[in-house]
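Note sheet for the following structure.
Worth knowing before you read on, the calculation uses all heavy atoms, side chains too, and leaves out hydrogens, waters and symmetry mates. This structure is a prediction, so every number in the text was calculated from the model and none was measured.
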Amino acid sequence: MATASVSVSDSIHELFAGDITAPAGYRAAGVHCGLKRSKLDLALILSDRPATVAGVFTRNVVKAAPVLVSQRVVAGGAARAILCNSGNANCCTGERGMNDAQDMASQLAEELGLVSSHVAVCSTGHIGAWLDMAAVRAGIPKVVAELGSSGAAAAEAVLTTDTVPKTSAARIRLAGGEVVVGGMSKGAGMIHPDMATTLCFLTTDAAVPAPVLQEALGAAIDGSFNCITVDGDTSTNDTALALANGAAGVEVPDSGPDFDAFVAGLAAVALELAKMVVRDAEGGTKLIGVTVEGAADAAEAKRAANTIATSPLVKTAFYGCQANWGRIIAAAGRASVAMVEAETRIWFNSVLVAEGGMVVDDNLAAAEAELRKPNVDVRIDLASGAAATTVWTSDLTEEYIRINGSYIS
């Protein structure tokens, strides 16, 4: 199989305001089952026909029970449904938690006439508390009854501290015709690149064999969710799942232009969702792109970008709209990467604030004006090679502390 790439300049895809049901052959629903006081808390995504499945999961050593169950489903290569609750992570819950996650799959399978090995389950919320399975059991027939052509309620039902649902879709032109990718995600805190760093669900009506879909999903996540950070904390429940049901009648090969085009379209939806996660960061007011260029290699570029993007000093300076480029060069300097201080340059958007490792005084006022915008691009040239990468982050505010200081209550 070819190595997937997400930087396909000549692929043809178009993003549009769709959701998880945008591709043909999918239905979804979201209901309130009682895990939360009043908000929607149980979501269902269903393919009306057999589908292949791919997934990437948290690399945290502590993995929630639904992660372990869904890993088995992905290993089988086929799935019809994704059932997800919010309000409880079902993590660090021992044998009872595993039984509860499996029961979620089994009960939904019975309700829909499926086999339980074709049902992936996900959970998000507070760690260390047992699921109220009476509420989940009561909610499963309700969510099945609500299945329909809109994914809006499902996207709302997976939210925790998020303030808005996150959905996107894309049309992709392949040699055999047009296919569609739909997606939804959640996440606002406990966000850091190490798999998918949140929950992300993607659907497509293309016909994609499971190994090909796995390759495509891995590349899409690497170029999107694995390039975002809010607070440097990787969750125990991180999961990204993709379903492909072939309803469009267009096959995706394991290599060549159509494969590359499909990966690029899948990645475009994933990146749009990932940026929505950062824009909705707990307490955040800005979407900040941190680009490191002139690095010795790709690994050093990523390490430097992550070091800058997770620095509390850098993030608080952005909140205060301070053109404090010294915090950025200091963060790069402690990232254990090659850099030539005397040749380093730093920009805020298009404004050069440091050159030759020294301040450009005349540009600081213009730089601070740029920092008052909701989208800011930081660029640093390490002058040590030709590698580059971009990571997206948010600023750090008092509201982040307030939200997380009272999260359990």
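Between Thr393 and Ala309, the closest heavy-atom pair is OG1-O, 3.1 Å. Nearest heavy-atom pair across Ala247 and Arg49 is CA-NH1, 3.6 Å. Considering all non-hydrogen atoms of both residues, Ser394 and Ile288 come closest at C-CD1, 3.7 Å. The minimum heavy-atom distance between Thr52 and Val208, with the atom names listed, is OG1-O, 2.7 Å.
Shown here are the salt bridge (Lys or Arg N to Asp or Glu O under 4.0 Å) partners of Glu178, two or more places apart in sequence or in another chain: there are none. Scored by the side chain to side chain donor-acceptor pair (under 3.5 Å) test, Thr390 finds Thr291 as partners (sequence neighbours excluded). Residues meeting the salt bridge (Lys or Arg N to Asp or Glu O under 4.0 Å) test with Asp48, sequence neighbours left out: Arg27. Applying the side chain to side chain donor-acceptor pair (under 3.5 Å) criterion to Lys39, with sequence neighbours excluded, gives no partner residue. Listed by chain and number, the residues in a side chain to side chain donor-acceptor pair (under 3.5 Å) with Thr344 amount to none (sequence neighbours excluded). Scored by the salt bridge (Lys or Arg N to Asp or Glu O under 4.0 Å) test, Glu251 finds no partners at all (sequence neighbours excluded).
Contact of the Cys33 side chain with the Leu35 side chain is registered, since non-hydrogen atoms from C-beta on lie closer than 4.5 Å. Under the 4.5 Å side-chain criterion, counting only non-hydrogen atoms from C-beta, Arg96 is in contact with Trp130. Taking the side chain as every heavy atom from C-beta outward, Glu343 and Asp381 never approach each other to under 4.5 Å. With a 4.5 Å cut-off on side-chain heavy atoms, Leu382 and Glu293 do not count as touching. At a threshold of 4.5 Å between non-hydrogen side-chain atoms, the residues Val391 and Lys302 count as touching.
Side-chain atoms of Ser123 and Asn85 include a donor-acceptor pair closer than 3.5 Å. At a cut-off of 3.5 Å, with distance as the only test, a side-chain donor of Thr285 or Asp395 sits close to an acceptor on the other residue. Using a 3.5 Å distance cut-off with no hydrogens or angles, the side chains of Asn90 and Thr93 do pair a donor with an acceptor. For the 3.5 Å distance criterion, the side chains of Thr236 and Asn60 fail to qualify, holding no donor opposite an acceptor.
Annotation for Arg327: atom CZ counts as buried by contact number, over 12 foreign heavy atoms lying within 6.0 Å. Within a 6.0 Å sphere centred on CD of Glu341, other residues, nucleotides and ligands contribute 12 heavy atoms or fewer.
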